[in-house]
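Encoded as structure tokens, here's the structure I'll be asking about.
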Amino acid sequence: MMKSVTRRGHSASIKAVLMGTAACAVALGGLVTAAYAQDTAAAAAPAEDTTTIVVTGIRKGLQDSLAIKKRNTSIVEAVSAEDIGKLPDASIAESLARLPGLAAQRVGGRSQTISIRGLSGDFSTTLLNGRMQVSSGDNRAAEFDQYPSEMVSSAIVYKTPDAGITGQGLSGTVVLNTVRPLDYNKRVISVNLRGSVNTNGEVVPGYSPNGNRISLAYIDQFFDGKLGVALSYAHLDDPSELEHSKSWWWDKQGNLPKANPTDPDVPRLGAGNADVFGLHGVEIWSTARRQTRDGYMAVFDFKPSENFRSVNDFYYSVFDQNEVTHGAQWYQTQWTDDIRFSNVVVSDHGGTPVVQKATISGIAPIIRNDNNLRRDEMFAFGSNNRFNIGAWRSVIDFGYSRSVRKESIAETYAGYGTNPTPVSRTFDTIDENIAFGDFPQLHPGFDYADADNVYLGDAAPWGGWGHDGAIRTPKVTDQLATARFSGVHDIDWAGFKSVELGVDYSHRTKNKGVQEWDLCLKGWDQAANNCHGTRVAVDAADLQAPTNLDFAGFGGVLSYDLGDVINKYYDKKPLLNDDNLNKYWQVDEELVTLFAKFNIDTTMGGHGLRGNLGLQYVSAKQTAGGYDIYQHSTATTPSLGNWVEGTEKYGDFLPSLNLIYDIDDSSVFRFALSRAMARPRMDDMRGTRNASVPLPGSGGTYEPHWSGSGGNPNLKPWIADGVDFSYERYFNKTSYIGVATFQKVLRTYIRNVTDDYFDFDANGFVNYTGATPIAWPKSLTYENGAPANIGPFTQPQNGHGGNVSGLELSGAIDGQLIWDKLDGFGLIGSVSRGWTNIQSGSDVDPSKLPGFSGDVANVTGYYEHGGFSARLSYRYRSAFLGEAYALYANRAVTRILADKQVDAQVSYQMQDGPLKGVTFLLQGYNLANSNYQTQLKVGENRAADGSSYPENYEEYGQTILFGVSYKFQ
């Protein structure tokens with residue numbers, strides 16, 4: 001009964017959205033047509049199509065993008081290079097984020113991952129020249145900063161599937177295209193030089209905010225146009241200067257310790273403040289990132305005759321990141337009994353009283369000096385060969401790509417004074433002023449840049465973290481081989497003009513592992529396994545200039561280079577616990593895709609009807625491995641596990657229909673129906689399993705019943721049925737208006753599920769603790785008593801899905817259409833609104849869908865005339881759940897607040913004289929210094945009105961680029 005109601009709800013919702021959008025499309029098209037008094041004949045005037053005026057710059061890129069959008073039989077968005085090596089933004093991700101229905105997530109101030117129609121990068125795929133690509137990240141989502149924008153000629157986002165494209169995503173597919181040298185009829189040489197500066201300056205002394213970009217491109221043709229060659233090189237040196245604060249969590253502070261159990265309770269925050277919430281922990285630091293990338297590309301385009309063409313592309317890049325962090329962190333919670341509050345000022349936050357200001361004594365800040373190193377190497381090769389076999393236009397395409405990411409994540413601790421033991425502690429008093437939506441102001445009593453009083457070692461007053469520092473070295477390797485054979489044959493049958501048949505094969509292997517060490521200061525007690533050595537001052541020769549944390553009122557902190565300090569002062573102790581083994585996994589996938597597509601070109605009601613009808617069958621075999629942990633770590637023994645693997649086979653049919661109804665030469669209606677899929681996250685597929693029967697705690701604190709968790713090698717993909725409808729009207733080659741609506745019905749959604757009746761004995765788990773298991777209380781529903789081997793097990797599973805729907809309005813207007821005096825001016829923009837009822841089950845906010853923003857908008861105004869070009873862009877993304885690095889090199893989901901970006905660019909291209917072809921450029925990114933804010937989990941003490949408490953607050957500063965480019969042809 002419930003299932004049938006759900007289906008009726010989906011159908012009614014789709015119908016309502018379609019009817020509403022159709023009405024909006026017709027009304028909007030009519031209004032625009034009347035406003036510009038432009039009939040169909042004028043819009044398609046032959047003179048416009050045969051003009052010899054050469055369009056360059058912004059309008060050239062816009063014209064090419066609209067041409068791609070208009071002629072494609074799927075619903076797509078596109079961005080094209082304005083010239084060789086010149087996408088309109090400094091990165092591909094920035095350009096994609098300006099397209100209707102797309103949004104970017106910033107990581108360290110840079111747009112890195114893309115959400116399509118409210119669905120995270122897990123639901124989309126990225127192709128390079130039509131081939132699936134590896135990812136340097138932990139899962140499948142492409143990290144676009146790996147692809148130099150200078151090497152991309154266009155990027156097309158398919159919002160509806162095309163059966164002739166394999167490796168498509170559920171939310172959409174991003175296809176990056178490089179140049180084909182035989183498409184040019186002359187030699188082209190292009191040089192781009194840019195310098196950059198970050199306005200935050202040196203947030204960490206010695207790490208310059210200045211960077212540069214260099215790109216070279218060469219395109220030529222040989223042997224009477226039979227061989228084309230394109231060579232390019234792109235260098236990036238991009239610094240990032242970050243100021244950061246974080247609230248660990250908020251809660252009531254409890255009562256002061258009692259001298260006598262019969263004494264009355266006294267709230268730690270003073271009389272009458274028992275229900276007041278306070279900040280329990282805080283961190284503030286400055287981070288400097290030096291990001292360098294060198295990318296190389298070569299394309300060999302061979303066309304000896306009209307019947308054969310072979311395009312072979314090679315791509316290689318090396319991306320290095322050196323991230324240095326200096327700062328301070330501390331607890332200020334009742335867990336440390338010496339904490340005392342005075343001068344408390346209480347304010348209201350969401351209907352809940354919170355500590356706004358206070359003087360806090362008994363604090364022992366830990367000074368952090370961290371250094372994270374990362375290197376990504378990516379290689380891709382592809383060969384596309386087109387030839388004729390009789391009446392069949394055939395293609396053989398094969399490719400290989402490989403990515404290796406190596407990281408070193410190191411952290412060290414220091415504190416004021418030499419002996420933070422219970423016998424002799426060095427505590428500070430800090431004046432605290434919390435500013436919601438800004439940096440807190442935290443004024444200490446000590447000078448934490450004083451090298452005579454700040455010593456290496458764990459200064460935590462409760463006895464420490466169990467080590468004096470840590471190093472973690474994650475490594476991710478991803479390899480993918482593809483092969484494809486297809487053919488197109490012309491037909492003339494019932495409105496179909498051609499048929500395409502083909503088969504595609506891909507084999508992908510991805511694995512991850514993390515080696516980890518605790519850092520123990522020399523002199524630590526190895527016999528007792530106590531990883532705390534003798535605290536020691538840092539030699540003057542190892543010190544750097546103090547890092548200033550005045551943005552949070554804290555002053556300077558002791559700073560040093562970890563490359564020298566770690567080897568000199570620390571021993572490395574291997575860390576082999578459950579969490580470490582859980583990070584080792586491997587996924588092996590083989591996909592065979594059979595596809596057929598019938599291309600439509602006919603008429604209906606006197607108007608053209610175009611499109612395609614297609615079907616894909618995807619056969620999958622997946623094998624996922626990980627450690628089955630049979631011994632947990634103790635103070636003297638490491639965790640141990642057996643490598644286990646699970647295999648699953650399945651197949652899915654993916655039909656698709658794309659129809660275009662040509663109202664006239666400038667107006668079209670589009671309709672699409674499809675079924676799409678997205679393969680599961682690889683870390684969810686890992687074979688790792690962890691289960692135990694814990695030993696009873698003192699007083700029976702822990703019940704010794706079986707429990708466990710792990711990945712699931714048997715996961716199947718997300719599957720969604722989608723319907724799309726859009727209306728587009730084109731006024732000239734650079735002006736259009738469009739309205740689109742969509743609905744995706746996810747038949748399944750992958751979320752963590754707990755099975756309360758898991759049979760641990762049947763699944764081969766070993767009771768390594770030796771504790772006698774008792775019955776899991778929830779399993780007492782067994783009629784004859786619960787077996788002792790039954791308990792809860794949590795793992796990702798395919799479960800109930802839900803709906804994702806949205807409405808998109810977009811357009812581009814050439815100012816001359818409105819008024820002749822506005823020649824050269826133009827406006828490009830879009831606004832999207834989305835809805836979803838999917839419950840993700842995320843522990844951050846179970847009601848939210850990761851990657852989903854309800855509102856996304858962007859607008860760009862430009863002026864271009866006589867070689868001068870200027871643009872100003874604004875984009876907005878409402879709050880969403882995003883993935884980022886958390887503790888211990890783990891990935892975690894966090895709630896990210898609304899993102900607002902303002903960018904601008906001004907350039908001038910010399911029109912004649914000896915400098916003809918030279919362009920001078922000035923760009924600015926994040927001009928409004930938009931901050932980055934996150935909020936704590938829903939379950940962590942929400943305010944009375946249901947709102948969450950602040951977590952991260954960061955500022956990246958503005959980035960200014962200035963440069964010159966030259967093109968010879």
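Below, all heavy atoms of this structure are taken into account, side chains as well, without hydrogens, waters or symmetry copies.
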Worksheet item: Between the side chains of Y925 and E94, is a donor N or O closer than 3.5 angstrom to an acceptor N or O?
Response: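 No, because no side-chain N or O of Y925 sits under 3.5 Å from a partner of the opposite role on E94.
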Worksheet item: Is V299 close to R180 at the side-chain level, that is, under 4.5 Å between some pair of heavy atoms?
Response: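 Not touching, per the 4.5 Å side-chain cut-off.
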Worksheet item: Considering all heavy atoms of both residues, which atom of G137 and which atom of V476 are nearest to each other, and what is their separation?
Response: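 In terms of heavy atoms, the two residues are closest at O-CG1, 3.6 Å.
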Worksheet item: Got N511 and M682 here, is their nearest side-chain heavy-atom distance under 4.5 Å?
Response: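 With C-beta onward as the side chain, the pair stays apart.
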Worksheet item: Just by modelled atom types, is the N177 backbone N or O under 3.5 Å from a matching donor or acceptor in the S153 side chain?
Response: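 It does hold such a pair.
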Discussion item. Between T623 and T647, do the side chains contain a donor N or O and an acceptor N or O under 3.5 Å apart?
Written reply: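 Yes - a donor-acceptor pair under 3.5 Å links their side chains.
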Worksheet item: Checking R290 side chain against S208 main chain: does a donor-acceptor pair fall under 3.5 Å?
Response: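 Confirmed, R290 side chain pairs with S208 backbone.
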Item to complete: Kindly give the heavy-atom pair with the smallest separation between P796 and N712, and that separation in Å.
Response: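 Smallest heavy-atom distance, with atoms named: O-ND2, 2.9 Å.
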Discussion item. Is there a side-chain hydrogen bond (donor to acceptor under 3.5 Å, both in side chains) between E241 and N198? Walk through the geometry before answering.
Written reply: CA-CA 7 Å; E241 307 290 336; N198 185 281; over 6 Å; no
Worksheet item: Is there side-chain contact between I750 and D684, with at least one heavy-atom pair below 4.5 Å?
Response: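 The answer is yes; the side chains approach within 4.5 Å.
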Worksheet item: Is there side-chain contact between W718 and D122, with at least one heavy-atom pair below 4.5 Å?
Response: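 The answer is yes, as the side chains (C-beta and beyond) meet within the 4.5 Å cut-off.
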Practice prompt. Quick one: sort the Y956 and Y932 rings into parallel, tilted or perpendicular, breaks at 30° and 60°.
Written response: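 The arrangement is tilted - the two ring planes meet at 30° to 60°.
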Worksheet item: Quick one: does D478's side chain have a donor or acceptor within less than 3.5 Å of a partner on S135's backbone?
Response: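 Here the side-chain-to-backbone pair exists.
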Discussion item. Is it the case that the side chain of K69 and the backbone of V76 share a donor-acceptor pair, with hydrogens and angles ignored and the cut-off at 3.5 Å?
Written reply: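 Checked: pair present.
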Worksheet entry | Side-chain heavy-atom pair V587, T509 within 4.5 angstrom cut-off |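 Heavy-atom side-chain distance check fails, nothing below 4.5 Å.
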Fill in: R405 backbone acceptor or donor facing D376 side chain under 3.5 Å
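Answer holds: no.
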Discussion item. Angle between ring planes, F314 versus F300, binned at 30° and 60°: parallel, tilted or perpendicular?
Written reply: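 Geometry flag for F300 against F314: perpendicular rings.
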Worksheet entry | Any donor-acceptor pair under 3.5 Å from N858 side chain to R98 backbone |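 Answer holds: yes.
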Fill in: Any donor-acceptor pair under 3.5 Å from S65 side chain to S80 backbone
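Side chain of S65 to backbone of S80, a donor-acceptor pair under 3.5 Å: yes, one is there.
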Fill in: Donor-acceptor pair between R877 and Q901 side chains, under 3.5 angstrom
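Result is no, nothing qualifies.
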Fill in: Distance-only polar pair, side chains of S136 and S403, donor-acceptor under 3.5 Å
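Side-chain D/A pair, S136 to S403: absent.
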Item to complete: Check whether the side chains of T160 and Y158 place a donor and an acceptor atom closer than 3.5 Å, and report yes or no.
Response: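 Absent: no donor and acceptor within the cut-off.
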Item to complete: Answer yes if the side chains of D903 and S873 hold a donor-acceptor pair under 3.5 Å, and no otherwise.
Response: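 On atom types as modelled, these side chains do not qualify, holding no pair under 3.5 Å.
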Worksheet item: Is the shortest heavy-atom distance from the side chain of T126 to the side chain of L176 under 4.5 Å?
Response: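 Answer yes - side chains close enough.
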Item to complete: May I ask you to decide if I92's main-chain N or O and Y147's side chain share a donor-acceptor pair within less than 3.5 Å?
Response: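 Judged by distance alone, no pair lies under 3.5 Å.
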Discussion item. For the residue pair Y218 / D220, report whether a side-chain donor-acceptor contact shorter than 3.5 Å exists.
Written reply: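 The answer is yes; a qualifying pair exists.
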Worksheet item: By side chain to side chain contact (heavy atoms under 4.5 Å, CB included), which residues pair with S232, not counting sequence neighbours?
Response: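 Only M151, A217, M297 meet the side chain to side chain contact (heavy atoms under 4.5 Å, CB included) criterion with S232.
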Discussion item. Could you check whether Y400 and F381 have their ring centres less than 6.0 Å apart?
Written reply: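 No.
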Discussion item. Side chains of E590 and H507: any donor to acceptor distance under 3.5 Å?
Written reply: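 No - no donor-acceptor pair under 3.5 Å links their side chains.
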Worksheet item: At their closest point, which heavy atom of S930 faces which heavy atom of D899, and how far apart are they?
Response: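 Minimum heavy-atom separation between S930 and D899: OG-OD1, 3.7 Å.
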Fill in: N385 and S383 side chains, donor-acceptor separation under 3.5 Å
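A pair is found: one side chain offers a donor N or O, the other an acceptor, under 3.5 Å apart.
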Worksheet item: Do we see a donor-acceptor contact under 3.5 Å between the side chains of E377 and Y316?
Response: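 Yes, side-chain donor-acceptor contact under 3.5 Å.
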Practice prompt. Please determine, by modelled atom types, if T593 and D504 share a side-chain donor-acceptor pair under 3.5 angstrom.
Written response: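 There is no such pair (donor and acceptor under 3.5 Å, judged by atom type) between the side chains of T593 and D504.
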Worksheet item: Taking the side chain from D162 and the backbone from G164, do they hold a donor-acceptor pair closer than 3.5 Å?
Response: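 The answer is yes, because a donor-acceptor pair under 3.5 Å joins these two groups.
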Fill in: Residue pair L242 / V203, side-chain heavy-atom distance below 4.5 Å
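When only atoms from C-beta onward are counted, V203 and L242 do not touch, as no gap falls below 4.5 Å.
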Worksheet item: Stepwise, does the salt bridge (charged side-chain N to carboxylate O under 4.0 Å, His left out) test hold for R374 with E407?
Response: CA-CA 4 Å; R374 171 183 136 194; E407 295 182 80; 5.5 Å; no
Fill in: Spatial distance of atom CD1 (I719) from atom CE (M677) [nearest 0.5 Å]
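Answer for the CD1-CE pair, I719 versus M677, is 5.5 Å.
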Item to complete: Could you tell me whether the side chain of R386 reaches within less than 4.5 Å of the side chain of F308, counting heavy atoms only?
Response: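 No, side chains not in contact.
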Practice prompt. Can you label the angle between the F968 ring and the Y966 ring as parallel, tilted or perpendicular, going by 30° and 60°?
Written response: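 Parallel, since the angle between the ring planes stays under 30°.
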Worksheet item: Between NZ of K649 and OG of S619, what distance do you get to the nearest 0.5 Å?
Response: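 The OG atom of S619 is 8.5 Å from NZ of K649, to the nearest 0.5 Å.
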Discussion item. Side chains of D237 and T292: any donor to acceptor distance under 3.5 Å?
Written reply: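 No pair is found: no donor N or O on one side chain lies under 3.5 Å from an acceptor on the other.
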Fill in: Contacts of type side-chain hydrogen bond (donor to acceptor under 3.5 Å, both in side chains), residue S286, not counting sequence neighbours
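side-chain hydrogen bond (donor to acceptor under 3.5 Å, both in side chains) list for S286, sorted by chain: empty.
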Discussion item. My understanding is that only residues two or more places apart in sequence, or in another chain, count here; which of them pass side chain to side chain contact (heavy atoms under 4.5 Å, CB included) with E648?
Written reply: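 Per chain and number, E648 pairs via side chain to side chain contact (heavy atoms under 4.5 Å, CB included) with Q622, Y650, N714, K716.
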Discussion item. Whether the side chain of Q616 engages the backbone of A163 through a donor-acceptor N/O pair (distance < 3.5 Å, no angle test) should be reported.
Written reply: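 Yes: the side chain of Q616 pairs with the backbone of A163.
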Item to complete: Test salt bridge (charged side-chain N to carboxylate O under 4.0 Å, His left out) on D183 and K303 and set out the steps.
Response: CA-CA 11 Å; D183 291 344; K303 187 178 180 182; over 6 Å; no
Item to complete: Could you verify whether a donor N or O on one side chain and an acceptor N or O on the other, from S310 and N312, lie under 3.5 Å apart?
Response: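 Yes.
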Worksheet item: Is a side-chain donor-acceptor pair under 3.5 Å present for T934 with N952?
Response: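 Note: N952 and T934 side chains meet the donor-acceptor criterion.
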Practice prompt. Can you label the angle between the Y233 ring and the H235 ring as parallel, tilted or perpendicular, going by 30° and 60°?
Written response: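 Geometry flag for H235 against Y233: parallel rings.
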Discussion item. Assess, by modelled atom type and distance only, whether the side chains of N372 and E323 contain a donor and an acceptor separated by less than 3.5 Å.
Written reply: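 Yes, E323 and N372 have a side-chain donor paired with an acceptor closer than 3.5 Å.
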Fill in: Any donor-acceptor N or O pair under 3.5 Å, side chains N926, T959
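On atom types as modelled, these side chains do not qualify, holding no pair under 3.5 Å.
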